[in-house]
Amino acid sequence: MRTLADILRGVERGLFPAPDLGISVVPAPSEREAAVVAFTGHIVIAADVSPEWVAERVPAGDLAAPTNPPFLTALAELTGRRVSSIDAMMLGPSITDPAKRAAAIKGLTVLSDHEHPRVERALEYRTDVRVYGDIHGSLVITGHGLANRLECAIELPDDIRGQGHGRRLARAARALIPPDASIWAQITPGNAASLRAFLAAGYHPVGSEALLVK
């Protein structure tokens, strides 16, 4: 049976679901989460529901319905979860050149203090979480999240925003993963500054997701 992990690993290799206006229903990736993932011309519902249940609530060819509140509310109620976020999905390839990797992570150190609210949130939704900081108090957080994909998040103090540090930290995340890997970032569409930073750091948009958690 095809899984969300299979689909996301394919996207990392540039293989997307066919834009056939279809909906794929696959199992929830873990007890921790379910998701509705939207790609160009195709929706993936990763939850423990039947295709028949989905078909009763989504008109044929309507790719907007699965990402809208009525459907997400029904899905949350059925699965005993809540909608945690609706985000754009960005994907960045690893920086493979050794010199460029070293330059990208210059000034970052591993942090053992995980009491920052952004880190605490990461620990709720990710495993193998690693936290890096710099002299400004900025953070780069990596870990395995939805369907065990590698994910990152960044955090900047207010007093250094608008100076290119977001782009620097997003690029650093690409150098903190194995050379043969890719890393995902989930960004609220309204956070235009973050979207611009990740685009400038070499990430590209691949879809959107609604994450449901307990």
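Because the structure is predicted, anything quoted here is derived from the model rather than measured. Each residue takes its place number in the sequence, starting with 1. Scope of the values below: all heavy atoms of this structure, side chains included, with no hydrogens, waters or symmetry mates.
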Practice task
Any chance you could lay out the side chain to side chain donor-acceptor pair (under 3.5 Å) test for N191 and T188, step after step, and finish with the verdict?
Solution key: CA-CA 6 Å; N191 190 347; T188 300; over 6 Å; no
Problem - Side-chain donor-acceptor pair present, R101, S94, cut-off under 3.5 Å - result: yes
Practice task
Determine, using the 4.5 Å side-chain heavy-atom cutoff (strictly less than), whether I43 and V26 are members of one ILVMFWY cluster.
Solution key: no
Handout entry: CZ (R130) with more than 12 external heavy atoms under 6.0 Å
Key = no
Handout entry: Student check: side-chain heavy atoms of R81 and K214 closer than 4.5 Å
Key = yes
Handout entry: Approximate separation, where rounding is to 0.5 Å, of R167 CZ and F198 CZ
Key = 12.5 Å
Exercise for the section: Check whether more than 12 heavy atoms from other residues, nucleotides or ligands sit under 6.0 Å from atom CD of E31, and answer yes or no. Expected result: no
Problem - Presence of salt bridge, R82 and E33, under 4.0 angstrom - result: no
Handout entry: Heavy-atom side-chain proximity of R196 to L199 below 4.5 angstrom
Key = no
Fill in the blank from the handout: Closest heavy-atom pair, P17 versus V11, reported as atoms and distance to 0.1 Å, is CD-CG2, 4.4 Å
Problem - Step-by-step side chain to side chain contact (heavy atoms under 4.5 Å, CB included) determination, L156 to L139 - result: CA-CA 7 Å; L156 284 75; L139 299 176; over 6 Å; no
Exercise for the section: Side-chain contact test, heavy atoms from C-beta onward, threshold under 4.5 Å: evaluate it for L75 versus E77 and give yes or no. Expected result: no
Practice task
State whether the side chain of D97 and the backbone N or O of A99 hold a donor-acceptor pair below 3.5 Å, judged by distance alone.
Solution key: yes
Handout entry: Expected output: side-chain D48 to main-chain A28 donor-acceptor under 3.5 Å
Key = yes
Problem - Shared hydrophobic cluster, F71 / I86 (ILVMFWY, side-chain heavy atoms < 4.5 Å) - result: yes
Problem - For D159, side chain to side chain donor-acceptor pair (under 3.5 Å) partners two or more places apart - result: none
Problem - ILVMFWY network linking F16 to V37, side-chain heavy atoms under 4.5 angstrom - result: yes
Problem - Distance in Å, L169 CG paired with Y132 OH, rounded so as to fall on 0.5 Å steps - result: 13.0 Å
Practice task
May I ask you to say whether D6 pairs ionically with R9, meaning some side-chain N is under 4.0 Å from a carboxylate O?
Solution key: no
Handout entry: Test item: M90 and P205 side chains (from C-beta on) under 4.5 Å apart, heavy atoms
Key = yes
Exercise for the section: Under the side chain to side chain contact (heavy atoms under 4.5 Å, CB included) rule, what do R171 and K100 come out as? Steps first, then yes or no, please. Expected result: CA-CA 10 Å; R171 181 174 171 79; K100 292 180 179 179; 4.3 Å; yes
Practice task
Specify the closest pair of heavy atoms between L211 and A34, including all atoms of both residues, with the distance to one decimal.
Solution key: CD1-O, 3.6 Å
Handout entry: Crowding at CG, L15 (>12 non-hydrogen neighbours, <6.0 Å)
Key = yes
Handout entry: Minimum-distance pair of heavy atoms, taken over all atoms of V58 and A65
Key = CG1-CB, 4.1 Å
Fill in the blank from the handout: Minimal heavy-atom distance between P66 and D62, with the atoms involved, is CD-O, 3.5 Å
Problem - Contact check, side chains of V129 and I141, non-hydrogen atoms, under 4.5 Å - result: yes
Practice task
Give the minimum heavy-atom separation between A170 and I154, together with the two atoms involved.
Solution key: N-CG2, 4.1 Å
Problem - Separation of Y203 OH from S182 OG (nearest 0.5 Å) - result: 10.0 Å
Fill in the blank from the handout: In this structure, CG of L91 is separated from CZ of R149 (nearest 0.5 Å) by 9.0 Å
Problem - Smallest separation among heavy atoms of I7 and F39, with atom names - result: CG2-CE1, 3.9 Å
Problem - Close side-chain approach of L63 to L21, heavy-atom, < 4.5 Å - result: yes
Practice task
State the CD-CD distance between Q186 and E151, to the nearest 0.5 angstrom.
Solution key: 4.0 Å
Problem - Value rounded to 0.5 Å, distance of CZ in R32 from CG in L146 - result: 8.0 Å
Problem - Modelled atom types, side-chain donor and acceptor of H165 and S138, under 3.5 Å - result: no
Practice task
Find out whether M89 and S208 are in side-chain contact, i.e. whether some heavy atom of one side chain is under 4.5 Å from a heavy atom of the other.
Solution key: no
Exercise for the section: Kindly work out whether a path of hydrophobic side-chain contacts (I/L/V/M/F/W/Y, heavy atoms less than 4.5 Å apart) joins W184 to Y125. Expected result: yes
Practice task
Is it possible for you to say whether V54 and L212 belong to one hydrophobic cluster, with membership spreading through side-chain heavy-atom contacts below 4.5 Å?
Solution key: yes
Practice task
Determine yes or no for a side-chain-to-main-chain donor-acceptor pair under 3.5 angstrom, with D134 supplying the side chain and G137 the backbone.
Solution key: yes
